[in-house]
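Throughout, a chain's letter reflects where its sequence line sits, starting with A, and its residues are numbered from 1.
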Amino acid sequence: MAINGAAAELNIVVDDQRIRVAAGTTVAAALFNLGTEAFRRSVSGEARGPVCGMGVCFECRVTIDSRPHQRACLIAVADGMHIRTATEA
Amino acid sequence: MMAPLAGTDATLIVADVAVIGAGPAGIAAATRAAESGLRVVVLDRGLETGGQIWRHMSGGPVPRIAQHWIAQLSRSGAQVIHGTSVVDVQHEDAEFEILADSSGSALRVRAGRIILATGARELFIPFDGWTLPGVMGIGGAQALLKSGASFAGKRVIVAGSGPLMLPVAASLANSGAKLILVAEQARRSAVMRFAAGLWRAPALVAQAARYRARFLSTSYSTGTWVTAAHGADRLESVTITNGRRTWREAVDVLCTGYGLVPNIELARLLGCETRDGAIAVDAQQRTTVANVLAVGEATGIGGEPLSLIEGEIAGSVVSPRARISDALLRKRAALEIAARRMLDAFALRQELRSLPTAGTIVCRCEDVSYGAVKDAVCARQAKLYTRVGMGPCQGRTCMPGLDFLLAWQPDTVRPPIEPALVSVLSSELADDAAASILFNSSVGEAYQ
């Protein structure tokens with residue numbers, strides 16, 4: 001499914017911050033552009049971010065629309081999407 | 001005993017052939033099979049057809065060869081289902097039943113044949129600091145870039161091994177990244193020998209030259225590798241060595257990766273034999289399990305042209321009037337020789353075996369250190385004592401590296417091969433009549 005019109009933007013909410021992102025962007029790319037460091041915290045509390053970019057490593061997991069452990073690299077942003085990372089407020 | 005779980009309804013698809021993976025190999029296999037009249041369904045984890053190699057910027061240009069094949073695939077009648085990860089496969093009589101998580105819902109696919117086109121992932125060798133945000137795969141960076149990430153103004157080092165480094169460095173430089181260094185661990189002599197052997201494939205030489213031209217201001221160093229990454233909660237600098245001199249560079253992003261590893265988990269779950277870490281196939285791309293074929297990088301790293309040819313061969317093999325052209329077989333043989341030459345040129349140096357220290361985290365899912373596993377005699381023993389490789393990625397990220405470091409043999413594979421929602425695992429078919437069936441057309445004589 002190709003999303004045409006690269007200029008189209010939509011609204012998402014990342015950790016209570018409302019941002020505009022280009023349609024067709026993955027959640028991982030949107031968070032990377034936002035400067036998010038800790039997509040998730042590891043079992044010992046380390047900050048972790050995307051590594052493989054293709055759904056293999058599970059390091060980019062975030063909570064999307066209340067569903068935890070979603071691989072940010074495999075999901076495209078959608079208008080009104082709420083994303084929660086492990087970034088401390 | 002666990003309390004019975006309330007199973008949700010699964011969608012059912014009945015097909016003649018199920019192709020797993022929609023990269024070049026899967027596309028070619030599905031296209032040829034569907035053109036022969038078979039009902040073909042393609043399951044793919046990603047958001048778009050093309051796999052990793054043909055991934056493109058949303059709304060951006062698609063490589064011409066990809067356009068050509070994707071158009072053929074859509075004309076062929078094969079159905080592609082994206083956002084779908086295979087979790088388990090059952091085998092009953094002459095039929096397979098695949099269970100998949102399709103965007104959070106259960107999907108069951110019944111098919112008489114399976115063509116595995118599961119591709120490859122990057123080989124990571126752990127080193128101190130490689131878990132810091134900002135350290136990512138070389139292909140990982142390419143994937144992020146093509147899915148909308150901006151590297152503009154970021155200080156980037158690409159360090160690892162293999163031909164993937166050139167195109168990724170070129171696209172990062174093109175996108176405005178401040179590319180500081182491209183470091184190839186292989187010796188200059190080996191890389192030059194490989195490049196010299198490319199005279200048989202002038203298009204590849206021209207392509208390499210074009211890639212190199214895009215980051216001419218950056219040094220491309222052979223015999224050079226990164227030994228450590230430093231930073232607090234994100235990457236700040238890396239330590240680099242060429243064996244004689246060791247220095248440090250401040251960076252925002254380190255792209256690392258030491259080549260590719262075939263994705264063989266699903267094949268092993270099906271009972272297919274493997275050879276040298278890849279799915280073993282015969283001249284007709286058949287695995288050791290009846291009615292299961294395999295194509296592309298999962299059968300050995302060989303690149304896009306070889307993947308396409310293997311896909312075409314497998315798609316023809318499953319067709320009712322199977323006919324494989326001699327030209328295809330000859331091309332495959334030539335490309336297999338080129339692939340072996342590439343693997344030899346980028347052979348990993350011994351020094352990389354001492355990259356991790358005792359404190360280096362090797363398993364990113366369970367935060368298991370190298371010191372905790374390095375004395376184990378095998379993967380299974382290490383898993384039992386430390387949970388290494390037992391997190392969500394199921395060892396896909398750490399085990400190939402540990403295999404390189406410690407010469408472990410891979411452990412057995414058990415379902416689910418991917419983390420799956422309980423609602424997916426416990427899904428049931430409400431009743432076949434009510435379940436949605438993708439295909440209605442009958443191609444009786446084609447599939448017996």
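- Pairing each heavy atom of L47(B) with each of I75(A), the nearest pair is CD1-C, 4.2 Å.
- For the pair R387(B)/V43(A), no side-chain contact is recorded, criterion being any heavy-atom separation below 4.5 Å from C-beta on.
- Listed options T36(A), L74(A), L31(A), V77(A) were ranked by heavy-atom pairs under 4.5 angstrom with chain B; first place goes to L74(A).
- Scanning all heavy atoms of the two residues, the minimum distance from G53(A) to A143(B) falls at O-CB, 3.5 Å.
- Of all the listed residues (G104(B), A232(B), P392(B), C393(B)), the one sharing the greatest number of non-hydrogen pairs under 4.5 Å with chain A is P392(B).
- Note that CZ of F58(A) is 8.0 Å distant from CD of Q394(B), once rounded to the nearest 0.5 Å.
- Looking at V253(B), the atoms closer than 4.5 Å to chain A (heavy atoms on both sides) all sit in the side chain, from C-beta outward.
- By number of non-hydrogen pairs under 4.5 angstrom with chain B, the leading residue of S42(A), C73(A), G49(A) is S42(A).
- Looking at S85(B), the atoms closer than 4.5 Å to chain A (heavy atoms on both sides) all sit in the side chain, from C-beta outward.
- Looking only at heavy-atom pairs under 4.5 Å with chain B, the residue among E37(A), H69(A), R40(A) that has the most is E37(A).
- Proximity to chain A is absent for every atom of Q142(B), based on heavy atoms less than 4.5 angstrom apart.
- Residues F124(B) and V51(A) meet the side-chain proximity criterion, which asks for heavy atoms closer than 4.5 Å.
- Along residues 149-156 of chain B, the residues that come nearer than 4.5 angstrom to chain A, judged on non-hydrogen atoms, are A149(B), S150(B), F151(B), K154(B) in order of number.
- Taking SG of C52(A) as the reference point, atom CZ of R396(B) lies at 10.5 Å (rounded to 0.5 Å).
- In this structure, E59(A) CD and R364(B) CZ are separated by 4.5 Å, a value rounded to the nearest 0.5 Å.
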Give every donor-acceptor pair under 3.5 Å between a side-chain atom in residues 129-140 of chain B and any protein atom, sequence neighbours left out.
unit_1: W130(B); atom_1: NE1; unit_2: I361(B); atom_2: O; d: 2.7
unit_1: T131(B); atom_1: OG1; unit_2: E46(A); atom_2: OE1; d: 2.9

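- For the pair E122(B)/M54(A), no side-chain contact is recorded, criterion being any heavy-atom separation below 4.5 Å from C-beta on.
- Contact check on R41(A) versus D233(B) returns a salt bridge, with a Lys/Arg side-chain nitrogen under 4.0 Å from an Asp/Glu carboxylate oxygen.
- In terms of heavy-atom proximity, L144(B) sits nearest to P50(A) at CD1-CG, 4.1 Å.
- Nearest heavy-atom pair across A29(A) and G148(B) is CB-C, 3.6 Å.
- Heavy-atom neighbours of R64(B) CZ from other residues, nucleotides or ligands within 6.0 Å: at or below the threshold of 12.
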